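Read the structure below first, then the notes.
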Amino acid sequence: MTDSIFSKIIRGEISSHKVYEDDFVIAILDIAPLSEGHTLVIPKEPAETIDQLSDDHAAAVGRVLPRIARAIMKVTGATAYNLLQNNGQDAGQVVPHVHFHIIPRFPDRNEAIEGAPDKENGPGLRVTWKPGTLTPEEALELGKHIKRLL
Ligand code: 5GP
């Protein structure tokens, strides 16, 4: 099993700004925030990616995510937020221990204003999304194989 920096934080060997803890989950402020209130919600189980996470830890994360998001929204005054969850290096995951980013969004700050001079250079989350296509035949075929495993 992995012993990542998050395992060390969970065990208290490395300090963090912890905002929540229960038997299954901790939430800490991200050390390099994309926006004010950027928080990481981390199951204590040392699974690298979410497909490796036990049902109990997955359920525990799901139970507290809305509550933590509500608190962050209230404290920061964010008007929106993204939940980001990277699985594997090819998806941009750096720390190999499951974690959910809660990234508050502020349309009145430069990071979200079109044409602001530092929009491209300042901190913030920028999502680019180029949709592809899916034919009914492809959907049927793919769906059939996925359903068989669930
Ligand atoms: P990933 O790319 O793996 O989804 O994101 C890892 C996140 O963990 C990054 O946003 C990074 O800033 C954060 N991070 C890495 N090391 C530490 C640390 O020691 N303490 C805290 N609080 N956050 C960390």
Side-chain angles (χ1 to χ4, degrees), residues 1-134 142-143 145-146 149-150:
M1 276 288 183
T2 320
D3 194 27
S4 71
I5 191 146
F6 290 166
S7 292
K8 294 187 174 79
I9 286 175
I10 289 162
R11 292 197 299 268
E13 294 165 13
I14 290 179
S15 67
S16 67
H17 293 281
K18 206 183 294 178
V19 295
Y20 176 84
E21 179 164 21
D22 64 28
D23 288 347
F24 293 92
V25 179
I26 63 164
I28 60 174
L29 298 182
D30 196 294
I31 203 169
L34 297 184
S35 63
E36 183 189 355
H38 182 172
T39 297
L40 302 172
V41 180
I42 309 170
K44 291 184 175 178
E45 183 178 38
E48 285 195 21
T49 53
I50 200 163
D51 51 282
Q52 297 169 10
L53 198 59
S54 67
D55 285 358
D56 279 349
H57 278 79
V61 171
R63 194 164 51 234
V64 297
L65 266 175
R67 207 188 318 160
I68 297 168
R70 276 195 296 274
I72 293 168
M73 295 286 282
K74 202 163 186 177
V75 166
T76 62
T79 55
Y81 58 96
N82 291 91
L83 276 186
L84 182 65
Q85 208 272 314
N86 301 323
N87 294 281
Q89 280 183 10
D90 290 342
Q93 184 178 12
V94 174
V95 179
H97 183 131
V98 173
H99 53 281
F100 289 72
H101 297 256
I102 300 176
I103 305 170
R105 306 301 291 260
F106 303 89
D108 59 337
R109 297 188 189 172
N110 280 349
E111 49 120 344
I113 293 177
E114 278 307 321
D118 60 350
K119 181 171 162 47
E120 298 308 321
N121 300 321
L125 175 67
R126 292 172 192 88
V127 182
T128 55
W129 193 289
K130 288 189 182 172
T133 55
L134 180 69
L142 189 59
H145 291 301
I146 295 171
L149 295 181
L150 296 175

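FYI, the numbering just counts along the sequence from 1. Keep in mind the model is a prediction, meaning the values are calculated, not measured. As the structure lists them, so they are numbered: ligands from 1, and atoms in each ligand from 1.
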Q: With a 4.0 angstrom cut-off on heavy atoms, strictly below it, pick out the residues next to ligand 1 and order them by chain and number.
A: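 The 4.0 Å shell around ligand 1 contains I5, F6, I9, I28, L29, D30, I31, A32, L40, N86, G92, Q93, V94, V95, H99, H101.
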I need the minimum non-hydrogen distance between [X] and [Y], along with the two atoms involved.
{"X": "N86", "Y": "H101", "result": "ND2-NE2, 4.2 Å"}
{"X": "T39", "Y": "A27", "result": "CG2-CB, 4.1 Å"}
{"X": "I28", "Y": "S16", "result": "CG2-OG, 3.5 Å"}

Q: Please check if the distance between the ring centroids of H99 and H97 is under 6.0 Å.
A: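 Not close enough - the centres of the two rings lie 6.0 Å or further apart.
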Pair up each side-chain donor or acceptor in residues 63-81 with any protein partner under 3.5 Å, not counting sequence neighbours, and list the distances.
unit_1, atom_1, unit_2, atom_2, d
T76, OG1, I72, O, 2.8
T76, OG1, A78, N, 3.2

Q) Just checking, any donor-acceptor pair under 3.5 angstrom between side chains of D51 and T49? A)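 Yes, because at least one side-chain N or O of D51 sits under 3.5 Å from a partner of the opposite role on T49.
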